[in-house]
Amino acid sequence: MSKSVLVIVAHADDMEFMAGGTIAKMAGLGYSIREVIATNNEKGTLEPHWSEQFTADARREEARRGAKVLGVEQQIEFLGYEDGRLSETPLNELRERCMRAIRRHRPDVLFTWDPHAPYEEHQDHRAVGWAAAEASMFSHFPLYHPEHRGDGLAPHYVGERYFFAKSPRDVNKAVDIGDYIAVKIEALCEHVCQMEMTVADLKVQLAGSGLSVPFLADADPKEFRPVIEAQIKAWAGAVGRRHGFEYAEEFRRVRFGEMERWARRSGEELVDEV
Ligand SMILES: [Zn+2]
């Protein structure tokens, strides 16, 4: 069955980093994928001469290119919040924006940051995770934001939610991305500012550590691809080994509210397409 997927994230590259292989796999199955990005990403560069506006424009374009590589054909919706300060936005305001997006795009499956995951130091990830999780919990309740009806947006139930995290907790779904690891890396490499920054940041960490890693010491942030490829393959490979795949992405998945447990108790197994 062709499903509709909505990804709600904080930054231009979150989807590619955390779920790029899975999204590419779903796009390959014919699922329609849409993405909502909460911030303008205007702090995402180490180039001292770039203005915030220039950075935001560059990263918006990179988000479009990265999503396209994964098979996201629809236009990305940008909510326009300031980068790095999303926790200053009231939860209920952000939740309303997420609920509006859910009621507009009417997804079967939602992907977002796991608000319950430990060790998440980025407030934008925490904030968007809480707002999107709560919005998807209540988007079928008609008295939550009844004003949406006036805009033609009816209540909508989100059946499946895939939560991702840098240190995930209660993982219950691993997706084999062996056939999509190259696409994930390709999509990430479209995020030039962020990938240059990632390599530059690794070099800062290396210098600060006093350790010797010649591969990184010799790496040029402008030539980021070999480092990104090694980093992503090491990460997805470690996740894969835990689940019996060469490369994998993992999630805390919540399906159909209580219904997955109910179905199991009455002997029905829910079939996975991915
Ligand atoms: Zn992020």
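Here the structure is a predicted model, which is why all the values come from computation and not from measurement. Order of appearance sets the numbers: ligands from 1, and atoms from 1 within every ligand.
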Centres of the His156 and His105 rings: under 6.0 Å? no

Between Trp113 and Phe163 (judged by ring centroids, cut-off 6.0 Å), do the two rings come close enough to count as a pair?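 Aromatic pair excluded; centres sit 6.0 Å or further apart.
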
Cationic N near anionic O, under 4.0 Å, Glu160 to Lys3: yes

Take the angle between the ring planes of Tyr162 and Phe111 and call it parallel below 30°, perpendicular above 60°, tilted in between. parallel

Does any N, O or S atom of Asp14, backbone or side chain, fall under 2.8 Å from the Zn ion (ligand 1)? yes

Got an N, O or S from His122 under 2.8 Å of the Zn ion (ligand 1)?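 So His122 does not bind the Zn ion (ligand 1) by this criterion.
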
Could you identify the N, O or S atom of His11 positioned closest to the Zn ion (ligand 1)?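 Distance check against the Zn ion (ligand 1) picks out ND1 in His11.
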
